[in-house]
Amino acid sequence: MRSHFDPLRPPPQTLRQHARPLPLRSARALHSTALRARPASSPSASSSSSSSSSTHPFSFLPANALEPKASRTKGITEIRGPYYAPVTRTYLDELLKDWGEYVDGIKFAGGAFSLMPEDRLRALIDTAHSHGCYVSTGGFIERVLSTSGGNKSVISKYLTTCKNMGFDVLEISSGFLSIPTDDWASLIEFTAAHGLKPKPEVGIQWGAGGDASVEELESAGTRDPKWLIDRAKAFIDAGAYMIMIESEGITENVKNWRTDVISAVTSALPAEKIMFEAADPEVFAYHIQNQGARANLFIDHSQVVQLACLRRGIWGTGSTFARVVTFEGAGEHFRKGGRAVHTEPSEKY
């Protein structure tokens, strides 16, 4: 892996000496950009970009209303790409042809993309874009930081390469690292200056992200939820377009779920600015049950159908069956500045 970096690197420079960041785009703009980026040579170029553009023969049956994919800022679903199982271009294209309406982003894990041939990686990213999905690097920046000693030139080369390959989002995690909050915020700005959407990952568990056992994580200890919330607020101020909440220590690899942490996070941070790792059916069902159908969630690619059925309210388990509902007029009548807006119903109701 170290062959990716120049061992004769220049003297380290502090990340505080960052460039002025470029203007950030909203989550809605991410979808629009991905749709415009559809290449003519992609597998889907001559066919429907996703199921959202096809007719639904059972659309007469009642189901929850969700924001259209192109303008969605809540109810975002990000799926895991290659890592635990290969995800090829053909598989991804077929998956998104059927279920692309319910997938907003694709995230690589474990730095798997760094091992792929360039033409195959570009084809995979182009396929995601052809279906209106953004593509995230996942948290490989931890590896780059640790092997380069935080060298600004190496990090800049990594960010530039990610941008040139077509990545849209750069997840900035530090589960294994100790990094000052100011440096972390500067890295967010530095990432934005390279034209990527910075998405910090924060959590309460030290050593998260490596599939550690419950016993290992317990011995490493956890942080106070206030630590997570304070840093998330600082990172949003620094330009993070969204915060990924690490599941380890909260719902993953724990003896008892820390639902108090989830409540603290959802109470303190804007819903459209947070996404929970939830790659387990029981976990994403819990988030839907407690946050509603429009919770932003990261899941495995194999779980797309189950989550879609849950969001739309057409199926579920004993605790969620026929109990997940939305109000399709919520965006029109009830959300303005975070407060209820009392207006007369429109004629269409």
To the nearest 0.5 Å, what is the distance between [atom1] on [X] and [atom2] on [Y]?
X	Y	atom1	atom2	value
Gln291	Phe284	CD	CZ	14.0 Å
Glu248	Thr222	CD	OG1	12.5 Å
Ser130	Leu92	OG	CG	8.0 Å
His194	Thr161	NE2	OG1	9.5 Å
Ser263	Arg258	OG	CZ	11.0 Å
Glu201	Ser136	CD	OG	9.5 Å

Check whether [X] reaches the backbone of [Y] with its side chain - one donor and one acceptor, N or O, closer than 3.5 Å.
X	Y	value
Lys273	Tyr241	yes
Lys199	Val169	no
Asn64	Val324	yes
Glu277	Ser247	yes
Thr160	Lys157	no
Gln306	Gln303	no
Thr137	Leu170	no
Asn296	Ile76	yes

**OP:** Determine, stepwise, if the pair Thr266 / Asn290 fulfils side chain to side chain contact (heavy atoms under 4.5 Å, CB included).
**Re:** CA-CA 10 Å; Thr266 55; Asn290 287 273; over 6 Å; no
**OP:** Give every residue pair that meets the side chain to side chain donor-acceptor pair (under 3.5 Å) criterion with at least one member in residues 227-237, sequence neighbours excluded.
**Re:**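 Of all non-adjacent pairs touching residues 227-237, those that pass side chain to side chain donor-acceptor pair (under 3.5 Å) are Thr181-Arg231, Lys226-Asp230.
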Original post:
What pair of heavy atoms forms the shortest contact from Arg223 to Gly203, and how long is it?
Top reply: NH1-O, 3.7 Å
Subject >> Members sharing Phe60's hydrophobic cluster (side chains within less than 4.5 Å) >> reply: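 Besides Phe60, the cluster holds Phe58, Leu61.
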Original post:
How would you list, by chain and number, every residue that makes a side chain to side chain donor-acceptor pair (under 3.5 Å) with Lys107, sequence neighbours excluded?
Top reply: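 Partners of Lys107 under the side chain to side chain donor-acceptor pair (under 3.5 Å) test: Glu171.
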Subject >> Ile250 side chain reached by Phe276 side chain, heavy atoms, under 4.5 Å >> reply: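 No - every pair of side-chain heavy atoms lies 4.5 Å or more apart.
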Original post:
Does the side chain of Glu67 come within less than 4.5 Å of Lys74's, by heavy atoms?
Top reply: yes
**OP:** Would you check if there is a donor-acceptor pair between the side chains of Thr77 and Arg311 at a distance under 3.5 Å?
**Re:**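 The answer is yes; a qualifying pair exists.
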Original post:
Do Thr320 and Gln289 have a side chain donor and acceptor closer than 3.5 Å?
Top reply: no
**OP:** Would you check if the distance from the ring center of Phe108 to the ring center of Phe167 is below 6.0 Å?
**Re:**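 Yes; Phe167 has its ring centre under 6.0 Å from that of Phe108.
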